[in-house]
Amino acid sequence: MKKSKAVVFGAAVVLSVGIAGCSSDQESSPTGTSVAPTSAAASPAASDYANLLIKPSDIDSDWALKTSKAEPHGITGVFGNGAGTEKISTAVIVRENATTAAAANTAAKNDVAQKAGAAFTPIDIGVDGGILNGPNGTTVVVFAEGAAFAIIEFNSKTGEHVPAEVALAIAEKQDTAIKNGVK
């Protein structure tokens, strides 16, 4: 993939995960993303954040988790297919409660839509879920669920968008992982 609008768009998605809905009392992680503090009662222990991500088998049999990183209030993961032609980046951020998670989700959607120059189409996953087909084959799904919100970015080296039914099936599995992991 050429270093173009898609790279900038991808970076915008990653950054919007951390900065959406933050207040002036932000904490920064080493990668530059930032998130507002969350209540310990609303979120699992940092070691439990790994359970919030989908599993490679939730995508397909030839997919693998390439990298994952515990963030101060969530987790990010990058999955890749066996051929190395497709990538899915997932971020789950845990907030203080459902209200702050929904607000952060809305802010992330607005930021991503503005940077992509496209609009989200509503979906029936989580709270205020949406799907957006962005530049160069990038598809983004966002939604809130309880005290968390998720951003899932699908990328293809061929420049083709992932079929909506595939993106939504994976997002539903991510939603289930969040429902099971955030109380």
Side-chain angles (χ1 to χ4, degrees), residues 9-55 58-59 65 67-79 88-116 119-132 134 139-154 167-183:
F9 178 63
V13 170
V14 171
L15 290 176
S16 67
V17 167
I19 63 173
C22 292
S23 63
S24 61
D25 60 338
Q26 298 171 349
E27 297 174 2
S28 293
S29 72
T31 61
T33 59
S34 57
V35 293
T38 61
S39 153
S43 56
S47 61
D48 294 337
Y49 287 137
N51 295 330
L52 300 180
L53 282 181
I54 56 174
K55 307 295 181 242
D58 290 335
I59 302 168
L65 179 61
T67 63
S68 67
K69 181 178 180 197
E71 300 290 343
H73 303 286
I75 189 160
T76 58
V78 177
F79 300 86
I88 299 173
S89 302
T90 302
V92 178
I93 305 299
V94 180
R95 307 299 280 188
E96 294 175 350
N97 54 48
T99 302
T100 57
N105 178 67
T106 299
K109 278 177 53 179
N110 292 340
D111 189 50
V112 171
Q114 180 181 15
K115 286 177 174 55
F120 277 91
T121 300
I123 59 173
D124 191 25
I125 297 174
V127 175
D128 196 26
I131 186 169
L132 174 146
T139 299
V140 178
V141 176
V142 299
F143 61 89
E145 185 60 63
F149 73 101
I151 297 181
I152 308 168
E153 180 181 335
F154 301 82
L168 296 177
I170 292 169
E172 286 175 352
K173 291 177 181 177
Q174 180 60 75
D175 188 35
T176 298
I178 293 169
K179 285 177 185 174
N180 293 335
V182 178
K183 305 297 179 207

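This is a predicted model, so every value here is computed, not measured. When reading the values below, keep in mind they use all heavy atoms of this one structure, side chains included, and skip hydrogens, waters and symmetry mates.
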Per side-chain contact (heavy atoms from CB on, under 4.5 Å), L52 is matched among V92, T90, I93 by V92

Discussion item. Are the side chains of Q174 and F143 in contact, using a 4.5 Å heavy-atom criterion?
Written reply: yes

Closest non-hydrogen contact found for F120 with V140 is CE2-O, 3.7 Å

Closest heavy-atom pair, A101 versus A147, reported as atoms and distance to 0.1 Å, is CB-C, 3.5 Å

In this structure, CG of L168 is separated from OG1 of T139 (nearest 0.5 Å) by 10.0 Å

Item to check | 4.5 Å side-chain heavy-atom contact, I88 and I59 | outcome: yes

Nearest heavy-atom contact between N105 and A150 is OD1-O, 4.4 Å

List the steps, then state whether side-chain contact (heavy atoms from CB on, under 4.5 Å) holds for V112 with V142.
CA-CA 10 Å; V112 171; V142 299; 5.6 Å; no

Review point. Within the side chain of D58, is there an N or O that forms a donor-acceptor pair under 3.5 Å with the backbone of K55?
Key: yes

Tightest non-hydrogen contact, residues A50 and I75, listed as CA-CD1, 3.5 Å

Between side-chain atoms of residues 124-132 and protein atoms elsewhere (two or more places apart, or another chain), which donor-acceptor pairs fall under 3.5 Å?
unit_1, atom_1, unit_2, atom_2, d
D128, OD1, K109, NZ, 3.1
D128, OD2, T106, OG1, 3.1

Heavy-atom closest pair (A108 atom, I151 atom, distance to 0.1 Å) is CB-CD1, 3.8 Å

CD1 of I123 to CD of E172, rounded to nearest 0.5 Å, is 8.5 Å

Closest heavy-atom pair, A177 versus L53, reported as atoms and distance to 0.1 Å, is CB-O, 4.2 Å

